[in-house]
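Just follow the structure's listing: the first ligand is 1, and inside any ligand the first atom is 1.
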Amino acid sequence: MVIVVCGPGGVGKGTVVARLVAEDPRLWLSRSWTTRAQRPGEPDDAYTYVDRATFERHVAADGFLEHAEFLGNLYGTPWPDPDGERDVVLEIDVQGAQQVLARVPADQVLFILLEPPSPEVQAERLRGRGDPPEQAEKRIEVAQAELAAGRALGAVRIVNDDLDRTVERVQRLIAERRAGGG
Ligand code: 5GP
């Protein structure tokens, strides 16, 4: 199964995904490639950081399950290679989710859209993240479009107002899918 976690910037995707993976050894977290510069304080292994030419060569070699441009930077998921029976977790944008839905059979995809409890909370999180201010403002704008697109694609929507509850809800969805339901 491929678990796609989408949601606008600042919604807490990274935190939710980190918890899911830490608590379930049967999950395998994909590491994306990006041409974005590493943020101050961002761990070295948050992404595989590459230049545009390297990224484009990988696209040409069909090296990505999906890839997209987000606010001027390229992001892509290398073809997943989980060991054994693990399920793949992707934390990607909605354009990427659309490509995954087109390439992976529907019964093998669990598509989750994390929604912010309020636009104000989300804007504050984005401003506090170390991006240049104009970049943060652009991300706030893009967030609304991201939510609308995710809803239109039929994602399971979860309002991330409480981390523990959000993690539990996703874990329940994963368990249902593994059991052959949902
Ligand atoms: P950020 O620059 O904040 O780390 O990521 C910007 C956006 O790109 C977020 O919505 C994030 O989920 C998304 N993203 C991260 N990795 C990938 C990827 O491999 N593919 C796609 N399509 N989006 C990604």
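Below 4.0 Å from some heavy atom of R139 lie the following atoms of ligand 1, by number and element: 1 (P), 2 (O), 3 (O), 6 (C). Those atoms of ligand 1 that come under 4.0 Å of a heavy atom in A68, given as number and element, are 22 (N). Atoms of ligand 1 found under 4.0 Å from any heavy atom of R39 (numbered from 1 in listed order, with element): 1 (P), 2 (O), 3 (O). Atom numbering of ligand 1 starts at 1 in the shown order; those under 4.0 Å from a heavy atom of K13 are 9 (C), 10 (O), 11 (C), 12 (O). For ligand 1, the atoms closer than 4.0 angstrom to any heavy atom of G96 are 22 (N). Close contacts of ligand 1 with R36, meaning ligand atoms under 4.0 Å from a residue heavy atom, involve 1 (P), 2 (O), 4 (O). Within ligand 1, the atoms closer than 4.0 Å to a non-hydrogen atom of F70 are 6 (C), 7 (C), numbered from 1 in the order shown.
Ion pairing between R177 and D87 fails under the 4.0 Å rule for side-chain N and carboxylate O. At a threshold of 4.0 Å, the pair R52-E69 counts as salt-bridged, since one of the basic side-chain nitrogens sits closer than that to a carboxylate oxygen. The pair E124-R127 meets the salt-bridge criterion, with a side-chain N (NZ, NE, NH1 or NH2) lying under 4.0 Å from an Asp/Glu carboxylate O.
Looking at Q95 against ligand 1, nothing comes within 4.0 Å, counting heavy atoms. The residue Q99 has no part lying near ligand 1, judged by heavy-atom distances below 4.0 Å.
Nearest protein heavy-atom contact of atom 19 (O) of ligand 1 is S32 OG, 2.6 Å. Among protein heavy atoms, atom 20 (N) of ligand 1 sits closest to E66 OE2, 2.7 Å. Protein heavy atom closest to atom 23 (N) of ligand 1, with residue, atom name and distance, is D93 N, 3.0 Å.
By the 3.5 Å distance cut-off applied to N or O atoms, Y75 is counted among the residues near ligand 1. At least one N/O-N/O distance between G76 and ligand 1 falls below 3.5 Å.
Among the candidates L65, V109, V17, the single residue satisfying the side-chain contact (heavy atoms from CB on, under 4.5 Å) test with L90 is L65.
Residues R139 and F70 are in side-chain contact: their nearest non-hydrogen atoms beyond the backbone lie under 4.5 Å apart. Annotation: side chain of F64 is not in contact with side chain of Q99 (no heavy-atom distance under 4.5 Å). The shortest distance between side-chain heavy atoms of L147 and Q144 falls below 4.5 Å.
Using the six-membered ring where Trp is involved, F55 and H67 have ring planes that are perpendicular, over 60° apart on the 30 and 60° scheme.
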Q: I would like to know whether N160 and T166 meet side chain to side chain donor-acceptor pair (under 3.5 Å); could you show each step before the answer?
A: CA-CA 6 Å; N160 186 26; T166 298; 2.8 Å; yes
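Proximity of Y47 to ligand 1 is established by a heavy-atom distance of less than 4.0 Å.
D24 contributes atom CG, which lies 9.5 Å from atom CZ of R86 (distance to the nearest 0.5 angstrom).
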